[in-house]
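Below: one structure, written as structure tokens.
Both ligands and their constituent atoms are indexed starting at 1 by order of listing.
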Amino acid sequence: MKVLVVGSGGREHALCWKIVQSKRVSKVFCAPGNGGTEDISENIDIDVDEIDKLVDFALKESIDITIVGPEGPLVKGIVDKFKAKGLRIFGANKKAAQLEGSKVFAKKFMEKYNIPTARYRVYRDIDEATQGLEEFDYPVVIKADGLCFGKGVIICNTREEGLAALKHIMVDKAFGSQGNTIIIEEYLVGTEASLLCFVSQGKLFPMESAKDYKRILDGDKGDNTGGVGCFSPNPLIDEDMKRIIQKGILKNIERGLEYEYLDYSGILFIGLMFTQRGPKVLEFNCRFGDPETEVLLPRLERDIIDIFQKTIDGNLREEDLRWSEKHCVTVVATSKGYPGRYEIGKEIQGLDNMDRDIILFHNGTKRVGNRLYTNGGRVLSLTALGDTLEDARNKVYENINKIKFDGIYYRKDIGEI
Ligand code: AMP
Ligand code: GLY
């Protein structure tokens, strides 16, 4: 089989890494890929948003199955376009991808189908939104409706910050038309967890749980990032909690997917907050998480192509997913300045000295000849499996200091719960 993976991050490297382990696969392409995917697949110089070019490529190469990493092309309808040409593709279609592409769509879905979430109001007008602020306590959360490269959620501690956030989104148009509509939302106190599910024609199959670290500094301080460390399993989601989530959240999502005719096969990533009043949904993504994928796929003990095929055909079963008992930890090495402005093009050294049981996923690297350079804010995800969380964590930290590039930074407390 020939497989095309769309994307260029650590998530896509982890996907390629797992896909090449399938006996059914003869060739993997990654568009556009990175310095890590280049080692195990063929990078194709087509960007993730160039959907027509991707369709042409898949037709020309007779690709058997395409896997989409990032949300952008899903929201733009890549799945619909591939299917219209008779091409097989794994991911949410355009209608279903609104669960990630529009926060208003997602919140209305949650409200309609009794999925526990933060109280919210929707506004299209700055004056009404300013008045609406009065109905909420502080901190309050203000969100732009559309995709904003992870920057569209602003947590405001005071009324002044709230007013500034409204101006930023609705008057200054910091996110363009993605911020024409906004949500003001109750701030939830608790601990976050990521639960990714395969969606096999509307039926949800949860993967193992994961804990993502979103803040750049130790102790969960500093700015929000795309995620700079992760581990799995997450002890917060024990068997009892799994039952609560199944009954109170997953069943209702399945009902909503059916009643709204959101017939997709792909991934639903549920961002959860464990509050004193039980688990609540913060957000939906319709794609694999990054860095969640880097800790989930090393624990998956089944052929992922088989899972993708069955998911698309709507006949995935629970026994098709088998997970290792081991714990997995990943720590992301980032460029100086990330998640703000950062420089790229720094030479990376020391990767040959890793212990054998380290799995190295590249987030943002570029190979030039036989040298490797940084090419993003998140650069490398050092990953290890271990019998315990501590064991996995120690393996990563014993190796990460061997990596050298100008301005390298990583959190020192990943996996310390
Ligand atoms: P979202 O894209 O909606 O997940 O928001 C990004 C991040 O903002 C989440 O992972 C949380 O850390 C934070 N966040 C979003 N909504 C809320 C909320 N209602 N209460 C507290 N934190 C939130
Ligand atoms: N790590 C969070 C995300 O992929 O959105």
Side-chain angles (χ1 to χ4, degrees), residues 7 9-12 14-15 68-72 74-75 99-107 109-110 115-121 136-157 162 165 169 175 178-179 182-196 207 209-216 220-232 234 267-277 279-297 330-332 334 339 361 363 377-378 381 411 414:
R11 166 181 54 205
E12 287 76 21
L15 282 165
V68 186
E71 62 277 13
L74 292 169
V75 170
L99 285 170
E100 176 163 4
S102 164
K103 292 195 189 290
V104 174
F105 181 91
K107 291 295 278 193
F109 179 90
M110 290 187 234
I115 297 156
T117 188
R119 184 172 70 85
Y120 76 104
R121 295 284 302 269
F136 290 84
D137 297 328
Y138 291 91
V140 72
V141 187
I142 298 181
K143 300 182 174 184
D145 179 41
L147 292 183
C148 306
F149 300 102
K151 306 251 183 248
V153 175
I154 305 176
I155 294 169
C156 312
N157 290 304
I169 302 175
F175 310 116
Q178 303 293 323
I182 62 122
I183 287 175
I184 302 183
E185 184 173 293
E186 165 200 13
Y187 178 81
L188 296 177
V189 179
T191 312
E192 283 183 60
S194 310
L195 185 66
L196 281 74
M207 301 184 206
S209 54
K211 157 90 185 153
D212 180 20
Y213 289 80
K214 288 212 164 76
R215 302 298 190 100
I216 188 72
D220 278 334
K221 304 234 162 48
D223 290 343
N224 247 331
T225 70
V228 287
C230 204
F231 68 82
S232 172
N234 183 338
I267 299 293
L268 184 70
F269 167 149
I270 308 170
L272 292 168
M273 181 75 93
F274 291 95
T275 71
Q276 281 198 326
R277 302 175 64 193
K280 298 197 178 194
V281 176
L282 283 177
E283 62 160 350
F284 292 128
N285 298 310
C286 50
R287 51 168 176 80
F288 281 100
D290 195 346
E292 284 84 347
T293 309
E294 288 93 310
V295 292
L296 289 171
L297 296 190
T330 196
V331 177
V332 185
T334 58
F361 295 123
N363 300 88
R378 293 189 290 185
S381 290
R411 272 182 68 159
I414 305 302

| field | Any N or O of E283 closer than 3.5 Å to N or O of ligand 2 | value |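 It does not: no N or O of E283 is found under 3.5 Å from an N or O of ligand 2.
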
| Between G226 and ligand 2, is there a nitrogen or oxygen pair with a distance under 3.5 Å? |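 So ligand 2 has an N or O lying under 3.5 Å from an N or O of G226.
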
Looking at [atom], what's its closest protein heavy atom, distance included?
atom                    : answer
atom 2 (O) of ligand 1  : E283 OE1, 3.0 Å
atom 10 (O) of ligand 1 : E192 OE1, 2.7 Å
atom 8 (O) of ligand 1  : V153 CG1, 3.6 Å
atom 23 (C) of ligand 1 : L282 CD2, 3.9 Å
atom 2 (C) of ligand 2  : D212 OD2, 3.4 Å

Name the option, out of [options], that contains the heavy atom nearest to [atom].
atom                    : options          : value
atom 13 (C) of ligand 1 : D220, I155, L272 : I155
atom 15 (C) of ligand 1 : M273, K143, E186 : K143
atom 7 (C) of ligand 1  : N285, V141, N224 : N224

| message | Heavy-atom pairs closer than 4.0 Å: do any link ligand 1 to the side chain of L188, the backbone, both, or neither? | response |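 Both backbone and side chain.
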
| said: Please find the pair of heavy atoms, one from R378 and one from D290, that lie closest to each other, and give the distance. | reply: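 That would be NH1-O, 3.1 Å.
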
| task | Search all heavy atoms of Q178 against all heavy atoms of C148 and return the closest pair with its distance. | result |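 Smallest interatomic distance, heavy atoms only, reads CB-SG, 4.0 Å.
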
[X] near ligand 2 by a heavy-atom separation under 4.0 Å:
X    : value
R287 : yes
G271 : no
G289 : yes

| query | What atoms of ligand 2 come within less than 4.0 Å of a heavy atom belonging to N285? | reply |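 Ligand 2 atoms under the 4.0 Å threshold to N285: 5 (O).
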
| Can you list the atoms of ligand 2 that are under 4.0 Å from a heavy atom of E292? |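 Once the distances to E292 are compared, the set is 1 (N), 2 (C), 4 (O).
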
| field | Side chains of Y187 and V140 in contact at under 4.5 Å (non-hydrogen atoms) | value |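 Answer no - side chains too far apart.
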
| query | Just wondering, do L268 and I270 contact through their side chains at under 4.5 Å, heavy atoms? | reply |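 In short, these two side chains touch, coming nearer than 4.5 Å.
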
| request: Give a yes-or-no answer on whether the side chains of D212 and S194 include a donor-acceptor pair shorter than 3.5 Å. | output: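 Their side chains do not contain a donor-acceptor pair, so the 3.5 Å distance test is not met.
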
| said: Just by distance, no angles: are the side chains of T117 and K107 close enough, under 3.5 Å, to form a donor-acceptor pair? | reply: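 The criterion, which ignores hydrogens and geometry beyond distance, is satisfied for K107 and T117.
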
| Ring geometry between Y213 and F231 (parallel below 30°, tilted from 30 to 60°, perpendicular above 60°) |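 Because their plane-to-plane angle lies in the 30° to 60° range, the rings of F231 and Y213 count as tilted.
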
| Atoms of ligand 1 close to K214 [distance to a heavy atom under 4.0 angstrom, numbered from 1] |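 Atoms satisfying the 4.0 Å criterion: 10 (O).
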
| Close-contact set for ligand 1 against E185 heavy atoms, below 4.0 Å |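 Reading through ligand 1 atom by atom, the close ones are 16 (N), 17 (C), 18 (C), 19 (N).
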
| query | Are R11 and E292 ion-paired here, with the side-chain N under 4.0 Å from a carboxylate O? | reply |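 No, R11 and E292 are not salt-bridged.
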
| message | Check this for me, if you would: do E283 and K143 make a salt bridge, where the nitrogen-to-carboxylate-oxygen distance has to be below 4.0 angstrom? | response |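 Salt bridge absent between E283 and K143.
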
| request: Would you indicate whether R121, at its atom CZ, is surrounded by more than 12 heavy atoms from other residues, nucleotides or ligands within a distance under 6.0 Å? | output: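 No, because the 6.0 Å sphere around CZ of R121 holds 12 heavy atoms or fewer from other groups.
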
| task | Sort out for me which residue in T330, V228, T293 forms a side chain to side chain contact (heavy atoms under 4.5 Å, CB included) with S381. | result |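 When side chain to side chain contact (heavy atoms under 4.5 Å, CB included) is applied between S381 and each of T330, V228, T293, only T330 qualifies.
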
| Within the side chain of R287, is there an N or O that forms a donor-acceptor pair under 3.5 Å with the backbone of F269? |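 Not a single qualifying donor-acceptor pair exists.
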
| Heavy-atom contacts under 4.0 Å between R11 and ligand 2: side chain, backbone, both, or neither? |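 The answer is neither.
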
